[in-house]
Amino acid sequence: PVQILSYLGGVVKVEETDLKPRVGFLYPVLTHNISVLINATREQDSGQYMCSVNVVDDTIMLDRNIGFINLTVLVPPAAPACRLQGSAVVGANVTLICSSEKGKPSPMYQWQREPPTQQVFFPPAQDRARGTLKLTNLSLEMSGVYVCRAENRAGSKNCSIVLEV
């Protein structure tokens, strides 16, 4: 473990870590609420944090003076990239592929066709985890704008591709 913050002898000390300019006690320590605030969280701030409270001359609480909390910093998906795999000719099969470089948890993907011929897709044609949409036996009527939405609990981003059969 790496110490990031301490209060000893009436003095708050912030250690030299990448958290130094972003961390501190949320309330004055004398209120006995030693909640910690991390500003401008980053994905690398994720991890297990430990709080240790040591009271001078307190021999009763020796085993119960440590608390742990796991922090997971959520990251919204980066703008996804949409691409076409295969040849968009009548009667052929193609796969639309959508992928996002970032996102925590990993994004889920949802394809839909835009108006005037709006359409929503479901498995097995669409694989939400992989971001793929399989279109089979292409016809001229399947031409249009297809939009992929990459989404997780932290946010969402879209990309689109024009299919010309």
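Each residue takes its place number in the sequence, starting with 1.
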- prompt: Does atom CD of Glu101 have more than 12 heavy-atom neighbours, drawn from other residues, nucleotides or ligands, at distances under 6.0 Å?
  reply: no
query: Among Asn39, Asp45, Thr17, which one satisfies side chain to side chain donor-acceptor pair (under 3.5 Å) with Arg22?
result: Asp45
- prompt: Under a 4.5 Å cut-off applied to non-hydrogen side-chain atoms, are Trp111 and Ile161 in contact?
  reply: yes
query: Does Arg113 use its side chain to pair, donor to acceptor, with the backbone of Ser143 at less than 3.5 Å?
result: yes
query: If you draw a 6.0 Å radius around NZ in Lys102, do more than 12 non-hydrogen atoms from other residues or ligands fall strictly inside?
result: no
- line: Between the CG atom in Asn70 and the OH atom in Tyr49, the distance rounded to the nearest 0.5 Å is 10.5 Å
query: Do Leu135 and Phe121 touch side chain to side chain, with heavy atoms closer than 4.5 Å?
result: yes
- prompt: Distance from Gln48 atom CD to Ile69 atom CD1, nearest 0.5 Å?
  reply: 10.0 Å
Glu141 and Ser139: side chain donor to acceptor below 3.5 Å: yes
message: Counting C-beta onward and ignoring hydrogens, is there a side-chain heavy-atom pair between Ser160 and Asn158 closer than 4.5 Å?
response: no
- prompt: Is there side-chain contact between Gln85 and Thr132, with at least one heavy-atom pair below 4.5 Å?
  reply: no
task: Please answer: with hydrophobic residues joined when any side-chain heavy atoms are less than 4.5 Å apart, are Tyr27 and Val14 in the same cluster?
output: no
query: With a 4.5 Å heavy-atom cut-off, do Tyr146 and Cys82 have their side chains touching?
result: no
- request: For the pair Thr95 (side chain) and Lys134 (backbone), establish whether a donor and an acceptor sit closer than 3.5 Å, ignoring hydrogens and angles.
  value: no
query: Are Leu30 and Val12 connected in a single hydrophobic cluster, I mean Ile/Leu/Val/Met/Phe/Trp/Tyr linked by side-chain heavy atoms less than 4.5 Å apart?
result: yes
- prompt: Do other residues, nucleotides or ligands put more than 12 heavy atoms under 6.0 Å from the CG atom of Leu37?
  reply: yes
message: If I compare all heavy atoms of Val89 with all of Leu138, which pair ends up nearest, and what's the gap?
response: O-CB, 3.6 Å
- prompt: Which pair of heavy atoms, one from Ala150 and one from Ser100, lies closest together, and at what distance?
  reply: CB-CB, 4.3 Å
Hydrophobic cluster identity match, Val147 and Val162, side-chain contacts under 4.5 Å: yes
With Gln112 via side-chain contact (heavy atoms from CB on, under 4.5 Å) - residues at least two apart: Glu114, Gln118, Val120
field: Inter-residue atom distance Leu19.CG - Gln44.CD, 0.5 Å rounding
entry: 9.0 Å
- request: Report yes if some heavy atom in the side chain of Ile38 is under 4.5 Å from a heavy atom in the side chain of Leu71; otherwise report no.
  value: yes
- prompt: Quick one: do Ile97 and Tyr109 end up in the same hydrophobic cluster if we chain Ile, Leu, Val, Met, Phe, Trp and Tyr together by side-chain heavy atoms under 4.5 Å apart?
  reply: no
query: When rounded to the nearest 0.5 angstrom, what is the spacing between CG in Leu133 and CZ in Arg128?
result: 12.5 Å
query: What heavy-atom pair brings Leu5 and Glu15 nearest, and what distance separates the two atoms?
result: N-CG, 4.4 Å
- line: Between Pro80 and Cys148 the two heavy atoms that sit nearest each other are CG-O, 4.4 Å
query: Between Val73 and Val36, is there a shared hydrophobic cluster once you connect ILVMFWY residues whose side-chain heavy atoms come closer than 4.5 Å?
result: yes
- prompt: Does a side-chain heavy-atom distance below 4.5 Å link Leu84 with Leu96?
  reply: yes
- prompt: Within the side chain of Glu151, is there an N or O that forms a donor-acceptor pair under 3.5 Å with the backbone of Gln110?
  reply: no
task: Go through the steps to decide whether Val165 and Val90 satisfy the test side chain to side chain contact (heavy atoms under 4.5 Å, CB included), and finish with yes or no.
output: CA-CA 6 Å; Val165 180; Val90 172; 3.9 Å; yes
- line: Here the gap from Leu26 atom CG to Ile34 atom CD1, rounded to the nearest 0.5 Å, amounts to 12.0 Å
- request: State, to 0.1 Å, how close Tyr7 and Val29 come at their nearest heavy-atom pair, and which atoms those are.
  value: CD2-CG1, 3.5 Å
message: Taking Val75's backbone N and O only, do any of them form a donor-acceptor pair with Asn152's side chain (distance below 3.5 Å, no angle check)?
response: yes
- prompt: More than 12 non-hydrogen atoms from neighbouring residues, nucleotides or ligands closer than 6.0 Å to CG on Leu8, yes or no?
  reply: no
field: More than 12 heavy atoms of other groups within 6.0 Å of Lys20 NZ
entry: yes
- request: Check the side chains of Asn33 and Ser35 for a donor-acceptor pair under 3.5 angstrom, ignoring hydrogens and angles.
  value: yes
field: Point-to-point distance, once rounded to the nearest 0.5 Å, from CZ of Arg149 to SG of Cys159
entry: 12.5 Å
- prompt: Residues in side chain to side chain donor-acceptor pair (under 3.5 Å) with Ser6, at least two apart?
  reply: Gln3
